[in-house]
Protein chains: 2
Amino acid sequence: MTDDTMTIGEMCRAFDVTPRALRFYEQKELLNPIREGQNRFYTPRDRARLKLILRGKRFGFSLAEIRDLLELYHLGDGQITQLSATLEAAERHHADLTAKRDELATAITELEQQIQMIRKMLAERSNPRSAAE
Amino acid sequence: MTDDTMTIGEMCRAFDVTPRALRFYEQKELLNPIREGQNRFYTPRDRARLKLILRGKRFGFSLAEIRDLLELYHLGDGQITQLSATLEAAERHHADLTAKRDELATAITELEQQIQMIRKMLAERSNPRSAAE
DNA sequence: TCGTGACTTGACGTGCGCGTCAACTTGATC
DNA sequence: GATCAAGTTGACGCGCACGTCAAGTCACGA
């Protein structure tokens, strides 16, 4: 076994990112792989964080925001640092996400109405007589 | 009545954006207000489009993507241009949004678990004996 | 020993989404 | 007629999230 760490190349293939991006995230303190000499070795924890990074990006969060949020997820595994402050931050993030979810639901509903309209127009175009119904 | 159009300043106050942003969106062909001499007058249609622009930004879409999507929403009001192609594009966008919705739901669930963990840790901290249960 | 391939550290470049001047016009008010 | 607010067109600047070189290190097999 390879000690369950991964090289930068393996990470890139696994997550479809470039080495440049991984080093950039490290510089911005979103990742901190083990440094053995010059080389980097990414632990399972790094992988979990990268998943969250990419997810956060998809939802339009900046890397700075994501870095702060990663602190929250991180302390699940034992650290007892300012728990109540962390709870507050987590709840703010939760409110943020649920608001986004609601807005997304609205957007989806509206889009579905648009699609229905287009379907109707197509139907009337292919069979104009049915417009009487 | 003021012809139901708005000046750039009114738009900025209504949507909390800068004039610079509105002119930028116009340059990128996301908006096209009426030009009366030098000045711009934004119609209800511009306002509807701006709403969608800002929403799209919140979901992490680029302005170029949003511009393309606006074409879809637009043709609801009469134009019959490539209806079936439009339907396809709309359905792709729909798939995109629902995927985002599902991923967001996952993220929210995970965050809620984290919050539960933090609450538990706080409870045990304030009343350590209950850890025996 | 000599590639070769994977990795490294700078350092500059790039596209996006505007911010921020400067210099000007235009209509209303004193 | 002067002023002032609101708008205009360039044009340069900036922060973010990397891309893209150049130049070097290091382990490995032929």
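First the proteins, then the strands, lettered A, B, ... as listed; each starts at 1.
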Undergrad: A/E112: what forms a side-chain hydrogen bond (donor to acceptor under 3.5 Å, both in side chains) with it, not counting sequence neighbours?
TA: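 Listed in chain order: B/H94.
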Undergrad: Tell me the interatomic distance from A/L63, atom CG, to D/dG15, atom C1', rounded to whole angstroms.
TA: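 Taking atom C1' of D/dG15 as the reference, CG of A/L63 is at 12 Å.
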Undergrad: For residues 49-61 of chain B, which residue pairs pass the side-chain hydrogen bond (donor to acceptor under 3.5 Å, both in side chains) check, not counting sequence neighbours?
TA: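 Matches after skipping sequence neighbours: A/E103-B/R58, A/E110-B/R55.
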Undergrad: For DNA chain C, which residues of residues 12-27 of chain B approach it to below 4.0 angstrom with any heavy atom?
TA: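 Nucleic-acid contacts, sorted: B/T18, B/R20, B/A21, B/F24, B/Y25.
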Undergrad: Using whole Å, report how far CZ of A/R35 lies from C1' of D/dC26.
TA: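 In whole Å, D/dC26 C1' lies 14 Å from A/R35 CZ.
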Undergrad: Going by ring-ring contact (aromatic ring centres under 6.0 Å, His included), name the pairs with one or both residues in residues 96-116 of chain A, residues two or more places apart or in two chains.
TA: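 Listed by first then second residue: nothing to list.
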Undergrad: In whole Å, I'd like the distance from the CD atom of B/E10 to the C1' atom of D/dG7.
TA: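 That distance rounds to 12 Å.
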Undergrad: For the pair made of CD in A/E29 and P in D/dC16, what is the distance, rounded to whole Å?
TA: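 After rounding, the gap between these two atoms is 14 Å.
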Undergrad: Please round to 10 degrees the angle between the axis of the first five pairs and the axis of the last five pairs in the helix from C/dT1-D/dA30 to C/dC30-D/dG1.
TA: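 That helix has its two terminal axes inclined by roughly 20°.
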Undergrad: Please check if the side chain of A/N39 supplies one atom and the backbone of A/E36 the other of a donor-acceptor pair under 3.5 Å.
TA: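 Checking the backbone N and O of A/E36 against the side chain of A/N39, no donor-acceptor pair under 3.5 Å is found.
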Undergrad: Could you tell me how far apart A/N39 (CG) and D/dC26 (C1') are, to the nearest whole angstrom?
TA: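 Going from A/N39 (CG) to D/dC26 (C1'), I get 8 Å.
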Undergrad: For DNA chain C, which nucleotides open and close the run of contacts to chain B, 5' to 3', at under 4.0 angstrom from a non-hydrogen atom?
TA: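 Contact span on the strand: C/dG17 to C/dT20.
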Undergrad: Rounded to whole Å, please give me the gap between CD in B/Q38 and P in D/dG7.
TA: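 In whole Å, D/dG7 P lies 13 Å from B/Q38 CD.
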